**Q** 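Please find one structure pasted underneath; my questions will follow.
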Amino acid sequence: QFTDPMPGDTLSQNAGWKIYNTSDPSKVYTNEKPLSQLNEQLIADLGISVFIGQSDDAGDRADKSNGTIGYSVEYKDASKPQWLNFVGDDLAGAPIFNFIQTELPTYPNYLLDPDRAFSTFAPWVPFILTDFMQDEPAENPLGWNITPAWLDPSAGIMPQFGSKLQALNNVDIIFTSDTSKWSRCAVVETANAYYTSTTAPGIGLKTEGDKKSLQARSRPSVGKRDNDGDGFPDPDGAKDANGNPLTGMGWFPGYAVDVETGLRLNIFFGENSVYRDFVADALGVGNIGFDMIWNPSSEIVLPSQGQISPLEVFVGGQQYIYVTRSTYDGCAVIRKDLDRTGPIKARDLAVVTWTAIPVLSNDPTVSLLPLNDGLIPNDVTFKLRVDNPYQLAVGNGNFNKYPTYKIEFKGVTAAPLTEAQIPEALAAINVVPNPYLAYSEYETSSFDNKVKITNLPGKCTVTIYALDGRFIRQYERNEVAKPNSPPRTLPPVAINQIEPDVEWNLKNFAGIPIASGVYLIHVEAPGLGERVIKWFGISRQFDPSGL
């Protein structure tokens, strides 16, 4: 649990942490240095070290990762098909699928992600990076593209309301057949001007109710079941604030959680309603584009008789998903302003953090379940992780709003490795002299010379601790720089670039010699493993009087 001796709306420079051992509540471990200082601390009796420092933020461009950390997919039943797929940015290199346009300095979002880290990170992409500008022929010869963005002249003002890469949240997105966990949500129109405009490259089709990009669907709000068997969810009879039938509300088959605050989040989806009536019949795509159910198909591009137009780019019915950073309220606030434009709608859409273009896997054995059976054939969780500095946030009310984590160790033993288990390259590391015997005069009982750590691998981190876990010093050996991307560096006070052998200066950073005793030298080498060497320093006093 993170703590702060000066509670307030932000973490102070002296913020720290406590670790509670749930198997022995009497044991509480606290930080020796504040979060403002990068520090590794050994907890000897638990056999672990805690290495904590303040983080950069997503979008800060500290390196080419731009704050991306990791993306994972976990299906509940490994024996069942992995049924969900996505259309990624630049699919097959086709310009019509270039919906994150950051590759050229002339593009509006180039400066946000010039190394395109978020284009390749995951099929879930930051909403703020999606292409909200109508394409010019110089960028795309066809003059149009598929995008989950709000394609509206007002979209460019969203950053004024907090829509930025730094606002990205760490989320779990769960699809489940358990309808009790489904999210009440807005259902929006995903047909944009390329479908509705009568001016080229638009194809002049009408949406149901003439709704525009990311306005609420015009159909009455629906529940979770189809009791009359007509293929559509039954209307739920919901009313708006004026007592009129509510439109554009349905259910997303799952939920989203902010893993840092523990809060459930608003999540919603859309569909392209130009694919209805005679258009749907002619193309053979059924009613999935306007049925108010999240049920994408596997078709990405439909057969074309000539030059491809927006109509043939079906992408599962364009049932885009939108994850927000707003606390779950059944999309009540978002729905209220979806049909507006300008600053009011920009403010609401500024809370959208992640979006995706889902399609069903192109596998004849894969299909969604009927609505009454819960749609989802195999529960699945998507995890998105990006850099986010430790900070106070409105959370679930526990732990005084301070970031709090539970860590579990499974299958870990404290038994040291035998020499046979240590890779040859690590086994060759030596510390000389060891033990170190120093003679000092009069009342001085500490060292002021140097010790060598030899035969180190080309790339490794050497960290030295006192036996009680106090951090003493750290050295970073990096013979070959990371290609095309300088590695993140620790503050100069805590790191030195070194030669093949480390010369450990036995004086601390303040120039005071360390005390006599036992020290632990921890060497961690990527791809090889780690090794801990005990070093003994013995200081004997010399009295010139001969007594």
Side-chain angles (χ1 to χ4, degrees), residues 1-56 69 169-170 172 257-263 385 387-417 461-474 490-491 493-495 508-510 512 514-524 530-535 537:
Q1 178 186 351
F2 289 91
T3 61
D4 198 335
M6 300 175 63
D9 292 334
T10 59
L11 292 178
S12 74
Q13 288 293 305
N14 293 317
W17 50 264
K18 289 183 179 180
I19 291 180
Y20 302 87
N21 187 350
T22 54
S23 63
D24 185 357
S26 66
K27 294 287 184 68
V28 179
Y29 308 87
T30 59
N31 59 292
E32 294 172 354
K33 294 185 179 180
L35 284 181
S36 55
Q37 298 180 32
L38 192 66
N39 178 50
E40 185 171 12
Q41 184 171 326
L42 187 69
I43 302 178
D45 59 332
L46 292 182
I48 64 172
S49 67
V50 179
F51 187 42
I52 290 181
Q54 188 58 288
S55 170
D56 296 311
I69 295 177
N169 44 3
N170 287 287
D172 285 358
V257 176
D258 186 314
V259 297
E260 294 185 75
T261 64
L263 291 174
R385 301 293 184 264
D387 282 349
N388 190 21
Y390 295 115
Q391 55 195 313
L392 286 182
V394 176
N396 56 19
N398 295 327
F399 309 110
N400 295 319
K401 297 192 290 187
Y402 289 113
T404 302
Y405 302 85
K406 185 175 181 180
I407 304 163
E408 185 175 5
F409 295 95
K410 292 183 178 179
V412 178
T413 65
L417 294 175
T461 301
V462 180
T463 312
I464 302 166
Y465 305 92
L467 193 60
D468 62 4
R470 285 181 296 108
F471 172 84
I472 301 299
R473 198 150 190 153
Q474 186 176 78
L490 306 179
V493 72
I495 192 168
N508 64 21
F509 295 119
I512 301 172
I514 66 170
S516 176
V518 179
Y519 293 81
L520 302 177
I521 300 172
H522 176 259
V523 181
E524 183 176 11
E530 53 188 319
R531 184 184 177 197
V532 177
I533 302 171
K534 281 186 179 180
W535 177 81

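What you see is a predicted model, and the numbers here were worked out from it, not measured in a lab. Note: hydrogens, waters and symmetry copies are ignored here, and every other heavy atom, side chains too, is used.
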**Q** Indicate whether any N or O donor in one side chain lies under 3.5 Å from an N or O acceptor in the other, for Thr463 and Gln474.
**A**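 A pair is found: one side chain offers a donor N or O, the other an acceptor, under 3.5 Å apart.
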**Q** Can you list, pair by pair, the side-chain donor-acceptor contacts under 3.5 Å of residues 14-24, counting residues two or more places apart and other chains?
**A**
{"unit_1": "Asn21", "atom_1": "OD1", "unit_2": "Ser23", "atom_2": "N", "d": "3.2"}
{"unit_1": "Asn21", "atom_1": "OD1", "unit_2": "Ser23", "atom_2": "OG", "d": "2.8"}
{"unit_1": "Asp24", "atom_1": "OD1", "unit_2": "Ser26", "atom_2": "N", "d": "3.4"}
{"unit_1": "Asp24", "atom_1": "OD1", "unit_2": "Ser26", "atom_2": "OG", "d": "2.6"}

**Q** For Ser36 and Gln13, which heavy atoms make the closest approach, and how far apart are they?
**A**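 The answer is OG-O, 2.9 Å.
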**Q** Would you name the heavy atoms of Ile472 and Ala466 that are closest together and state the gap between them?
**A**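 Heavy-atom minimum between the residues: CG1-N, 3.5 Å.
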**Q** Please report the C-alpha distance between Ile52 and Leu35 in whole Å, then the side-chain angles of each, then the deciding distance to 0.1 Å, and finally whether the side chain to side chain contact (heavy atoms under 4.5 Å, CB included) criterion is met.
**A** CA-CA 7 Å; Ile52 290 181; Leu35 284 181; 3.2 Å; yes
**Q** Passes side chain to side chain contact (heavy atoms under 4.5 Å, CB included), Val50 versus Ile43? Steps please.
**A** CA-CA 8 Å; Val50 179; Ile43 302 178; 3.9 Å; yes
**Q** Taking it one step at a time, do Ile521 and Val462 satisfy side chain to side chain contact (heavy atoms under 4.5 Å, CB included)?
**A** CA-CA 7 Å; Ile521 300 172; Val462 180; 3.9 Å; yes
**Q** Out of the candidates Ile69, Asn169, Asn170, only one should pair with Asn388 under the side-chain contact (heavy atoms from CB on, under 4.5 Å) rule; please name it.
**A**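 Only one option passes, and that is Asn170.
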**Q** Which heavy atom of His522 sits nearest a heavy atom of Glu530, and at what distance?
**A**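 Answer, listing the atom of His522 first, then Glu530: NE2-OE1, 2.6 Å.
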**Q** Report the distance from atom CD of Glu260 to atom CZ of Arg385, rounding to the nearest 0.5 Å.
**A**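 It is 8.5 Å, given to the nearest 0.5 Å.
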**Q** Please give me the minimum heavy-atom distance between Asp387 and Asp56, naming the atom from each residue.
**A**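 Closest pair (atom of Asp387, atom of Asp56, distance): CB-O, 3.4 Å.
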**Q** Between the side chain of Glu32 and the main-chain N/O of Gln41, is any donor-acceptor distance below 3.5 Å?
**A**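 A pair under 3.5 Å: no.
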**Q** Is the Trp535 ring parallel, tilted or perpendicular to the Tyr519 ring (thresholds 30°, 60°)?
**A**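 Because their plane-to-plane angle lies in the 30° to 60° range, the rings of Trp535 and Tyr519 count as tilted.
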